[in-house]
Amino acid sequence: MRLALDQARMAALHGDVPVGAVAVDQAGSLLAAAGNEREIRRDPTAHAEILVLREASRRLHTWRLTGLTLVVTLEPCTMCAGALVLARVARLVFGAFDPKTGAVTSLFDVVRDPRLNHRIDVRGGILEAECGALLKDFFAKR
(Lines give C-alpha, C1' and ligand atoms only; values in the text may rest on other atoms or scores of the structure.)
Protein backbone atom coordinates (compact mmCIF):
# COMPACT_ATOMS: atom_id res chain seq x y z
CA MET A 1 0.00 0.00 0.00
CA ARG A 2 2.92 2.35 0.63
CA LEU A 3 3.94 2.01 -3.04
CA ALA A 4 0.37 2.75 -4.12
CA LEU A 5 0.35 5.84 -1.89
CA ASP A 6 3.56 7.03 -3.60
CA GLN A 7 1.81 6.67 -6.96
CA ALA A 8 -1.20 8.59 -5.65
CA ARG A 9 1.01 11.46 -4.51
CA MET A 10 2.58 11.65 -7.96
CA ALA A 11 -0.88 11.77 -9.57
CA ALA A 12 -1.75 14.78 -7.43
CA LEU A 13 1.34 16.61 -8.71
CA HIS A 14 -0.17 16.76 -12.21
CA GLY A 15 -3.67 17.64 -11.03
CA ASP A 16 -5.22 14.19 -10.97
CA VAL A 17 -7.25 12.82 -8.09
CA PRO A 18 -4.59 11.14 -5.92
CA VAL A 19 -5.33 7.46 -6.40
CA GLY A 20 -2.51 5.00 -6.85
CA ALA A 21 -2.36 1.30 -7.58
CA VAL A 22 0.18 -1.50 -7.82
CA ALA A 23 -0.02 -5.09 -9.03
CA VAL A 24 2.01 -7.90 -7.51
CA ASP A 25 2.31 -11.52 -8.55
CA GLN A 26 1.92 -14.57 -6.30
CA ALA A 27 5.56 -14.33 -5.23
CA GLY A 28 5.07 -10.69 -4.19
CA SER A 29 7.06 -9.24 -7.08
CA LEU A 30 5.94 -5.86 -8.38
CA LEU A 31 4.53 -6.08 -11.91
CA ALA A 32 3.10 -2.61 -12.39
CA ALA A 33 2.47 0.69 -10.62
CA ALA A 34 0.49 3.77 -11.65
CA GLY A 35 -1.45 6.73 -10.42
CA ASN A 36 -4.51 8.29 -12.00
CA GLU A 37 -3.69 9.93 -15.35
CA ARG A 38 -7.09 11.12 -16.53
CA GLU A 39 -6.01 14.74 -16.69
CA ILE A 40 -2.68 14.33 -18.47
CA ARG A 41 -4.04 11.73 -20.90
CA ARG A 42 -7.44 13.42 -21.26
CA ASP A 43 -8.86 9.92 -20.95
CA PRO A 44 -11.79 9.10 -18.66
CA THR A 45 -10.61 5.48 -18.41
CA ALA A 46 -7.08 6.32 -17.22
CA HIS A 47 -7.75 5.30 -13.63
CA ALA A 48 -4.78 3.90 -11.72
CA GLU A 49 -6.32 0.41 -11.63
CA ILE A 50 -6.87 0.29 -15.40
CA LEU A 51 -3.34 1.49 -16.13
CA VAL A 52 -1.92 -1.16 -13.79
CA LEU A 53 -4.02 -3.92 -15.36
CA ARG A 54 -2.81 -2.88 -18.82
CA GLU A 55 0.84 -2.91 -17.80
CA ALA A 56 0.57 -6.21 -15.92
CA SER A 57 -1.12 -7.79 -18.96
CA ARG A 58 1.60 -6.47 -21.22
CA ARG A 59 4.36 -7.82 -18.97
CA LEU A 60 2.70 -11.22 -18.52
CA HIS A 61 1.61 -11.50 -22.18
CA THR A 62 -1.96 -12.35 -21.20
CA TRP A 63 -5.20 -10.67 -20.21
CA ARG A 64 -5.89 -13.43 -17.66
CA LEU A 65 -4.31 -12.07 -14.50
CA THR A 66 -5.03 -15.05 -12.28
CA GLY A 67 -2.90 -15.04 -9.16
CA LEU A 68 -2.44 -11.27 -9.30
CA THR A 69 -3.07 -9.00 -6.32
CA LEU A 70 -4.08 -5.42 -7.03
CA VAL A 71 -3.48 -2.87 -4.28
CA VAL A 72 -5.19 0.51 -4.62
CA THR A 73 -5.55 3.49 -2.31
CA LEU A 74 -9.29 3.95 -2.93
CA GLU A 75 -12.16 1.50 -3.28
CA PRO A 76 -12.56 0.90 -7.03
CA CYS A 77 -15.41 2.41 -9.05
CA THR A 78 -17.79 0.34 -11.16
CA MET A 79 -15.56 0.50 -14.25
CA CYS A 80 -12.46 -0.61 -12.38
CA ALA A 81 -14.26 -3.28 -10.36
CA GLY A 82 -15.66 -4.72 -13.59
CA ALA A 83 -12.22 -4.70 -15.19
CA LEU A 84 -10.78 -6.57 -12.20
CA VAL A 85 -13.42 -9.27 -12.59
CA LEU A 86 -12.89 -9.52 -16.36
CA ALA A 87 -9.12 -9.79 -15.85
CA ARG A 88 -9.63 -12.63 -13.33
CA VAL A 89 -7.60 -10.84 -10.64
CA ALA A 90 -7.30 -13.04 -7.54
CA ARG A 91 -7.10 -10.46 -4.76
CA LEU A 92 -7.96 -6.82 -4.21
CA VAL A 93 -6.56 -4.78 -1.35
CA PHE A 94 -7.79 -1.21 -0.98
CA GLY A 95 -7.29 1.68 1.41
CA ALA A 96 -10.11 4.20 1.78
CA PHE A 97 -13.75 3.34 1.27
CA ASP A 98 -15.59 5.47 -1.31
CA PRO A 99 -19.19 6.12 -0.24
CA LYS A 100 -19.97 8.03 -3.45
CA THR A 101 -18.70 5.68 -6.17
CA GLY A 102 -17.27 2.59 -4.49
CA ALA A 103 -18.30 -0.59 -6.29
CA VAL A 104 -16.69 -3.15 -4.00
CA THR A 105 -18.36 -2.44 -0.67
CA SER A 106 -19.92 1.01 -0.44
CA LEU A 107 -22.50 1.14 -3.27
CA PHE A 108 -22.16 -2.24 -4.96
CA ASP A 109 -20.20 -5.46 -4.62
CA VAL A 110 -19.27 -6.06 -8.24
CA VAL A 111 -16.18 -8.14 -7.47
CA ARG A 112 -18.03 -10.74 -5.39
CA ASP A 113 -21.36 -10.85 -7.22
CA PRO A 114 -22.31 -14.54 -7.49
CA ARG A 115 -23.96 -13.94 -10.86
CA LEU A 116 -20.59 -13.25 -12.47
CA ASN A 117 -18.14 -15.90 -13.62
CA HIS A 118 -15.32 -14.78 -11.30
CA ARG A 119 -15.15 -13.50 -7.75
CA ILE A 120 -12.26 -11.70 -6.07
CA ASP A 121 -10.94 -12.00 -2.54
CA VAL A 122 -11.18 -8.52 -0.99
CA ARG A 123 -9.55 -6.78 1.94
CA GLY A 124 -10.46 -3.13 2.49
CA GLY A 125 -9.48 -0.41 4.94
CA ILE A 126 -5.71 -0.96 4.74
CA LEU A 127 -3.98 2.29 5.78
CA GLU A 128 -7.45 3.77 5.43
CA ALA A 129 -6.73 6.96 7.39
CA GLU A 130 -3.60 7.77 5.37
CA CYS A 131 -5.28 7.01 2.04
CA GLY A 132 -8.35 9.04 2.98
CA ALA A 133 -6.30 12.00 4.25
CA LEU A 134 -4.50 12.25 0.91
CA LEU A 135 -7.84 12.58 -0.88
CA LYS A 136 -9.31 14.99 1.67
CA ASP A 137 -6.26 17.25 1.47
CA PHE A 138 -6.37 17.24 -2.33
CA PHE A 139 -10.03 18.26 -2.49
CA ALA A 140 -9.69 20.82 0.34
CA LYS A 141 -7.08 22.64 -1.77
CA ARG A 142 -9.39 22.71 -4.78
Side-chain angles (χ1 to χ4, degrees), residues 1-41 43-60 62-142:
M1 185 62 76
R2 297 267 179 227
L3 292 173
L5 279 163
D6 290 342
Q7 294 295 316
R9 289 183 190 98
M10 287 190 281
L13 293 175
H14 56 76
D16 258 297
V17 175
V19 175
V22 298
V24 296
D25 64 17
Q26 289 175 318
S29 298
L30 182 67
L31 291 172
N36 275 352
E37 292 186 2
R38 292 181 307 167
E39 297 299 330
I40 60 173
R41 291 180 185 237
D43 177 357
T45 68
H47 289 202
E49 301 95 308
I50 301 298
L51 298 174
V52 163
L53 289 175
R54 288 176 182 159
E55 178 61 16
S57 292
R58 188 190 67 75
R59 290 193 62 197
L60 295 172
T62 183
W63 62 267
R64 290 178 183 89
L65 301 177
T66 56
L68 188 96
T69 297
L70 190 126
V71 180
V72 62
T73 57
L74 182 65
E75 177 183 359
C77 69
T78 307
M79 174 183 69
C80 293
L84 294 171
V85 170
L86 293 172
R88 314 296 197 271
V89 168
R91 282 167 298 288
L92 168 66
V93 176
F94 70 88
F97 290 83
D98 187 350
K100 291 184 179 181
T101 64
V104 174
T105 299
S106 298
L107 292 179
F108 308 108
D109 191 355
V110 172
V111 299
R112 292 175 289 204
D113 190 316
R115 297 169 294 181
L116 299 176
N117 65 333
H118 178 74
R119 280 164 288 297
I120 299 172
D121 181 43
V122 176
R123 185 151 179 226
I126 306 303
L127 296 181
E128 180 179 4
E130 192 171 343
C131 293
L134 189 60
L135 290 158
K136 287 176 187 166
D137 291 347
F138 176 81
F139 286 112
K141 292 175 183 171
R142 294 190 105 182

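Predicted model, so just to flag it, every value in this text is computed and none were measured. When reading the values below, keep in mind they use all heavy atoms of this one structure, side chains included, and skip hydrogens, waters and symmetry mates.
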Would you say [X]'s side chain and [Y]'s backbone share a donor-acceptor pair under 3.5 angstrom?
X     : Y     : value
Arg88 : Trp63 : no
Gln7  : Ala48 : no
Arg91 : Gly67 : yes
Glu49 : Val72 : no
Asp98 : Leu74 : no

What's the separation between atom [atom1] in [X] and atom [atom2] in [Y], rounded to the nearest 0.5 Å?
X      : Y      : atom1 : atom2 : result
Asp137 : Lys141 : CG    : NZ    : 6.0 Å
Met1   : Ile126 : CE    : CD1   : 6.5 Å
Leu3   : Thr73  : CG    : OG1   : 12.0 Å
Asp16  : Met10  : CG    : CE    : 12.5 Å
Glu75  : Phe94  : CD    : CZ    : 4.5 Å
Leu92  : Ile120 : CG    : CD1   : 6.5 Å

Closest approach of [X] to [Y] (non-hydrogen atoms, all atoms of both residues):
X     : Y      : value
Cys77 : Ala103 : C-CB, 3.5 Å
Arg59 : Leu31  : NH1-O, 2.7 Å
Ala21 : Val52  : O-CG2, 3.4 Å
Arg54 : Asp43  : NH1-OD2, 4.4 Å
Asn36 : Ala11  : O-CB, 3.5 Å
Leu68 : Ala23  : CD1-CB, 3.8 Å

Hey, is CZ on Phe108 packed in by over 12 heavy atoms from elsewhere, all under 6.0 Å?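 No, the 6.0 Å shell around CZ holds no more than 12 heavy atoms from other groups.
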Does Arg119, at its CZ atom, have more than 12 non-hydrogen atoms belonging to other residues, nucleotides or ligands within less than 6.0 Å?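 Yes, because the 6.0 Å sphere around CZ of Arg119 holds more than 12 heavy atoms from other groups.
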Between Thr45 and Met79, is there a side-chain heavy-atom distance shorter than 4.5 Å?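 Counting from C-beta outward, Met79 and Thr45 do come under 4.5 Å.
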Counting C-beta onward and ignoring hydrogens, is there a side-chain heavy-atom pair between Thr66 and Gln26 closer than 4.5 Å?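 Result no, sub-4.5 Å side-chain heavy-atom pair not found.
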Are Glu128 and Lys136 close enough for a salt bridge, meaning some N to O gap below 4.0 Å?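 Salt bridge absent between Glu128 and Lys136.
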Applying the side-chain contact (heavy atoms from CB on, under 4.5 Å) test to Arg41, which of Glu39, Arg38, Glu37 qualifies?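 Among Glu39, Arg38, Glu37, the one meeting side-chain contact (heavy atoms from CB on, under 4.5 Å) with Arg41 is Glu37.
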